[in-house]
Amino acid sequence: MKKLIFTLSLFAIVQLSFATEGMWIPSLLNAIEDDMHAYGLQISADEIYSINHSSLKDAIVHFGGGCTAEVISSQGLLLTNHHCGFGQIQQHSSVENDYLKNGFWAATKNDELSNPGLTATFIVRMDDVTSRIIGALNGLTGAARSAKLKEVEKELVAEFTKDTKHDAYVRPFNYGNSYFIIVTKTYKDVRLVGAPPSAIGKFGGDTDNWMWPRHTGDFSMFRIYADANNEPAEFSKDNVPYAAPAHLKVSMDGVKEGDFTMVFGFPGRTEQFLTPKEVEYVVNEANPMRIHFRETSLGIIDQAMRSSDKTRIQYAAKQSSISNAYKKWIGQNAGLIELNAIKQKFELERSLEGLSSVHKKDEYYNAIMDMRKLDDEIHDYKMARDVFIEYYYYGPEILAFAHSFNDLINNFAKIQSEGKLDEKVASLKAASEAYFKDLDADTEKKLFSEMTPLFFKYMPEKFIDAEFKALNSKSKGNMAKLTTMIYGKSAFTSQAMLNTLLAKPSQKAFAKLAKDPAFRIASGLVNGYAEKVRPTYNELNGQIEQVMSVYVRGLMETFPNKTYWYDANSTLRLTYGKAEGSSPNDGMQYNFFTTGKGILQKHRTGNPDYDLPPTMAAILEKGIYGPYADEDGELHVCFTGSNHTTGGNSGSPALNAKGELIGLNFDRSWESTMSDILFDADRCRNIMVDIRYVLWVVDVYCQAGHLVKEMTLVKGQGQEKPETEKLEIAH
Ligand code: ASP
């Protein structure tokens, strides 16, 4: 298949490319089915997505709302990334049962571990309801438009879920140029089945994250449980493994260079239509600010994690999420600068502006002018929001924790009279337990003292709460003093004190907390944000969405030869490409796969990120690969492809031309991280772990072959039985 891809400048060279930019809506695959067949797909669009019979989509799960997982056995066994299950693995870990370090494998179903709050959502169907919505909104603006939209959405949800236990929601696509209703079924009892040691699941750590060549066994396994009717139910020991109507077949054929590949999952967010000013903001302001915040917190957390097993376990999940985005933003900025993204975007906009005048398309011309104005107007609010997120959600934890008591501090009498006191108190007790379990007091104080100056540096002054400002000036930049002023006096540093309060909750005791210094800072931040930032931000953002819908329509109409796709918005998408390497930088040629040999090579460097669990090196050294070796005799570990993916595609199945599982998507190369904003066919590669390596780790290294027996393994046209009992592994 050859697509004509315009580079972003209208007058630049038209490029012939095998690019596979795009994240396709599965219910609309018929439109690109021929392209996909030309590219190598051997099954029909209907076998990928159908509402009339079982199709691949029935095995794809939105895992915990943020990642993807897939059903790989008829008993509801789920495969996802290690980094997607990391929070759960961490929660079950302790110094005595260190599942992060040693891995965990449930010997029987009774040993599988429950995870309150974790969900597995299937897509029942997704339907285009654009005409229903646009028709109803015709001529309406502002509040009347929003109210009408809500009303129609409600009607549609009622209609599509009638006489079922399904949920549904309506999502705008392409800045409201299209709308889809998405009908879902969510299972709420999802148990941890197994995870390899982090030295496999996170092999390469921060050194290798977002990098190729890669050797990470980034997978973990869960299982969906259902009630006696196979329907969703809250956790109960009476629940039974979900009898899956569809599960993926696992291919033992391996992957050859140039093979068709597709990735089916829930990409989170892409922003291909950002205006030049918005890209400028990301590259020159937002990313440098965020990187500064995270560099600071990682400096503190990484050191604390090295100091004891306890802090390593406490901060493992927090560290991962902070460092993942941190490294991505560094790569994203480098990629956007390398591609001259700001200039490209300005050129495209100027072309649109010029052609709008020539074609007398005032609508598009006005949209450009409006966007320029709106981008300026929203600038400070956007910065305030981005700084608030970095400081409040990824900074010192005492603030959000203290603020979780807000409701009882301010509305005690009302909550009590409504009979909701016990429920509220119970949830605070649980929150408090979880908070102190994973908190190291010294690390927390260091985070406060080193991140607070960044807050004052980056938050536009007009949005800073007066009391916090006064406290900060009182300490005259002496952060040690300010930290002592807060942490020395706050009740939110003492679990014992809070336990006493929660054991006998009284209005008086809660009222006293209103004066707590940590609570006061948190309230100042939250209220300041809610009053001074959010309303204007939302208002301007609403206007931007509307103007952008015209701006984007303008681009599509003016440059019709470009391939258009809808930005990712956490809905189910299919992306396809080929197994292929890349040459992202001058003089560099990346192979498309890695092998066990590379694990050993990295291990020999002595970098602790390449530590291996016991006996792994010896087993790899001996080449005990069993049926999981490639026909070249090697154990293939990871491979790259030209599938357009983003965050949220973590855990997505990589499928071959027949729709069989060949790998598990988990990352992109560093040179690809700008693809959320600007995709580049030559550089962008997604990274997948080879399914045969997953099976090898489960079956051979971790000796949990009973799970492999649950799966349907296929080779060529036939079924394949794993025969690994014969493999002698001395651990
Ligand atoms: N590893 C990535 C993530 O965690 C997945 C991606 O963005 O490609 O977000």
Side-chain angles (χ1 to χ4, degrees), residues 20-23 62-70 79-90 198 201-220 261-272 282 287 290-291 294 298 316-336 394 567-570 573-577 582 584 609 638-654 663-680 683-689:
T20 39
E21 174 176 357
M23 301 176 174
H62 206 181
F63 182 79
C67 276
T68 306
E70 47 278 358
L79 179 66
T80 188
N81 288 150
H82 188 262
H83 79 263
C84 293
F86 201 73
Q88 285 75 30
I89 305 165
Q90 189 260 342
S198 292
K202 212 174 178 308
F203 179 78
D206 287 340
T207 308
D208 274 11
N209 195 16
W210 300 107
M211 303 299 260
W212 183 257
R214 197 64 168 275
H215 300 83
T216 313
D218 194 346
F219 75 94
S220 58
T261 54
M262 53 188 175
V263 173
F264 204 4
F266 293 86
R269 185 157 187 231
T270 55
E271 301 175 301
Q272 59 176 317
V282 170
N287 278 354
R290 293 161 170 157
I291 290 166
R294 293 198 179 201
L298 286 170
K318 298 174 210 172
Q319 194 276 355
S320 276
S321 79
I322 295 171
S323 76
N324 191 44
Y326 161 71
K327 198 166 172 190
K328 181 177 88 168
W329 290 324
I330 297 176
Q332 186 178 62
N333 256 25
L336 290 171
Y394 292 94
D567 265 323
N569 57 358
S570 289
R573 303 293 179 95
L574 186 98
T575 132
Y576 63 98
S582 63
D609 279 344
C638 291
F639 62 101
T640 55
S642 47
N643 305 285
H644 189 179
T645 56
T646 185
N649 270 126
S650 289
S652 299
L664 183 63
N665 183 76
F666 69 96
D667 211 359
R668 282 168 284 164
S669 65
W670 222 22
E671 298 84 7
S672 313
T673 46
M674 75 297 172
S675 68
D676 292 348
I677 294 173
L678 194 57
F679 184 85
D680 179 50
R683 294 158 65 94
C684 291
R685 296 293 176 267
N686 66 312
I687 304 178
M688 299 154 276
V689 53

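Whatever order the structure lists them in is the order used to number ligands and atoms, beginning at 1. Here the structure is a predicted model, which means the values were calculated and not measured.
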Has the side chain of [X] got a donor or acceptor atom that lies under 3.5 Å from a matching backbone atom of [Y]?
| X | Y | answer |
| --- | --- | --- |
| Lys202 | Asp609 | no |
| Arg214 | Met211 | yes |
| Asn686 | Asn643 | yes |

For Phe266 together with His62, are the ring centres under 6.0 Å from each other?
yes

Would you kindly say whether Ser320 and His83 are connected by a side-chain donor-acceptor distance under 3.5 Å?
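Per modelled atom types, Ser320 and His83 side chains form no pair under 3.5 Å.
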
Are Thr575 and Met262 close enough that some pair of their side-chain heavy atoms sits under 4.5 Å apart?
no

Please tabulate, one line per pair, the protein N or O atoms found under 3.5 Å from any N or O atom of ligand 1, giving the distance to one decimal.
residue, atom, partner, partner atom, Å
ligand 1, 1 (N), Phe666, O, 2.7
ligand 1, 1 (N), Asp667, OD1, 3.0
ligand 1, 4 (O), His83, NE2, 3.3
ligand 1, 4 (O), Asn324, ND2, 3.0
ligand 1, 7 (O), Gly647, N, 3.0
ligand 1, 7 (O), Arg668, NE, 3.4
ligand 1, 7 (O), Arg668, NH2, 2.7
ligand 1, 8 (O), Arg668, NE, 2.8

